[in-house]
Amino acid sequence: MRRKIVVANWKMHGCLAGNQRLLDGYKQKLAALSHTDFVVCVPYPYLAQAQQLLQSSNIAWGAQNLAKFPEGAYTGEVSAAMLRDFACQYVILGHSERSTAYCESGENIADKFMMAKSVGLTPILCIGETLQERESGVEERVIAEQLDYLLQTRGAEVFFDSIISYEPIWAIGTGLSATPDQAQSMHEFIRERIAKLHSSAAQTLRIIYGGSVNPSNASKLLAMPDVDGALVGRCSLSAEEFTAICQAADQTQ
Ligand code: PGA
């Protein structure tokens with residue numbers, strides 16, 4: 001039985017005072033929920049604040065990217081070890097907003113994935129197809145290509161203790177979520193592809209869904225057998241909406 005996990009992705013939002021209110025709201029509502037893992041991925045400058053406010057709570061924290069190099073002359077980059085210094089446990093990698101705006105290649109993402117694992121961070125690897133790809137019926141092929149890069153170059157066992165977030169690009173920030181059946185079918189496809197190479201890694205891997213998850217659609221998405229949680233963008237900026245999604249996850253356990 002895989003434990004469900006709900007991850008807040010704040011993207012480039014926040015300020016010290018607002019974060020404090022938001023995290024206090026999360027803490028208040030989530031303290032009583034014990035069947036689900038909760039994570040908030042904040043912008044780098046707020047890691048210290050997240051650590052300070054969340055260290056004695058049931059909410060873990062993480063970042064939204066890291067450098068593929070361990071250290072050195074890489075102006076503007078943040079290393080995996082630095083994230084560990086702030087007791088991060090998770091890092092989002094390969095988010096489509098980064099791949100499109102900052103030209104992240106598959107090779108870069110694979111390097112970052114391995115870097116995260118080498119310091120004990122749990123990578124949350126984002127994969128997803130565009131609307132055009134879905135409309136042309138090639139979405140499984142696209143997802144397979146994104147997965148195969150890691151599978152072939154790093155091996156299926158890297159998915160032990162990792163998280164994949166299936167994020168159809170057409171659903172991110174659009175208000176148009178995938179249906180529960182669309183999510184289930186793609187999650188099953190992902191798990192089966194990994195299972196062909198490593199069945200226990202595939203069974204323990206948590207595959208979460210991201211893309212316009214909100215309090216109204218969360219229960220049905222999270223009730224699907226291969227949907228092990230959610231990555232939440234916009235609704236994570238409201239304590240009420242985010243915690244309602246977390247409650248829905250907790251109730252499905
Ligand atoms: P959204 O973002 O919930 O605002 O669609 C999801 C994501 O980008 O991870």
Side-chain angles (χ1 to χ4, degrees), residues 4-14 18-19 22 25-26 30 36-44 46 50 59-66 88-104 109 112-113 116 121-131 133-134 139 142-143 146-147 162-180 182-183 186-187 190 206-222 224 227-249:
K4 288 216 168 20
I5 180 164
V6 184
V7 182
N9 175 13
W10 283 3
K11 309 193 180 187
M12 198 175 71
H13 293 288
N19 299 346
L22 192 51
Y26 283 14
L30 301 185
T36 308
D37 293 330
F38 306 115
V39 183
V40 52
C41 291
V42 303
Y44 294 135
Y46 300 127
I59 308 166
W61 57 95
Q64 302 167 16
N65 184 30
L66 53 65
C88 283
Q89 288 181 49
Y90 296 87
V91 61
I92 296 172
L93 295 175
H95 193 284
S96 65
E97 286 157 13
R98 290 204 58 77
S99 312
T100 26
Y102 301 98
C103 311
E104 283 255 52
I109 296 166
K112 290 179 177 193
F113 188 98
L121 284 163
T122 301
I124 302 171
L125 175 72
C126 300
I127 54 180
E129 81 284 359
T130 62
L131 183 60
E133 288 161 344
R134 179 158 282 266
E139 67 274 15
V142 170
I143 293 297
Q146 292 176 14
L147 266 182
S162 299
I163 296 173
I164 289 179
S165 187
Y166 169 55
E167 306 221 316
I169 295 170
W170 47 271
I172 298 175
T174 58
L176 181 74
S177 159
T179 64
Q182 284 173 324
M186 190 60 91
H187 286 217
I190 294 168
R206 289 190 284 187
I207 306 175
I208 65 177
Y209 168 79
S212 296
V213 178
N214 62 44
S216 318
N217 62 21
S219 296
K220 289 204 172 115
L221 285 163
L222 290 161
M224 291 291 159
V227 177
D228 303 315
L231 182 58
V232 184
R234 190 187 55 77
C235 286
S236 70
L237 301 175
S238 147
E240 206 163 305
E241 291 184 311
F242 182 65
T243 58
I245 295 167
C246 294
Q247 271 152 359

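None of these values were measured; they are calculated from a predicted model. Note that ligands are numbered from 1 as they come in the structure, with each ligand's atoms numbered from 1 the same way. Numbering starts at 1 and runs along the sequence shown.
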Atom pair CD1/CD1 of Ile164 and Ile124 - distance to nearest 0.5 Å | 12.0 Å

Applying salt bridge (Lys or Arg N to Asp or Glu O under 4.0 Å) to Glu129 and not counting sequence neighbours gives Arg134

Counting only heavy atoms not in Lys11, do more than 12 fall under 6.0 Å of its NZ?
-> yes

Look at the rings of Tyr209 and His187 and say which category their plane angle falls in: under 30° parallel, 30 to 60° tilted, over 60° perpendicular.
-> tilted

If you measure from OG on Ser162 to CG on Leu125, what distance do you get to the nearest 0.5 Å?
-> 8.5 Å

Under a 3.5 Å threshold, I'd like every N/O contact between ligand 1 and protein atoms, with atom names and distance.
residue	atom	partner	partner atom	Å
ligand 1	2 (O)	Lys11	NZ	3.2
ligand 1	3 (O)	Gly233	N	2.9
ligand 1	4 (O)	Arg234	N	2.9
ligand 1	5 (O)	Gly173	N	2.6
ligand 1	5 (O)	Ser212	N	2.8
ligand 1	8 (O)	Lys11	NZ	2.7
ligand 1	8 (O)	His95	NE2	2.7
ligand 1	9 (O)	His95	NE2	3.3
ligand 1	9 (O)	Glu167	OE1	3.3
ligand 1	9 (O)	Glu167	OE2	3.1

Carefully, step by step, assess His95 and Glu167 under the rule side-chain hydrogen bond (donor to acceptor under 3.5 Å, both in side chains).
-> CA-CA 8 Å; His95 193 284; Glu167 306 221 316; 3.2 Å; yes

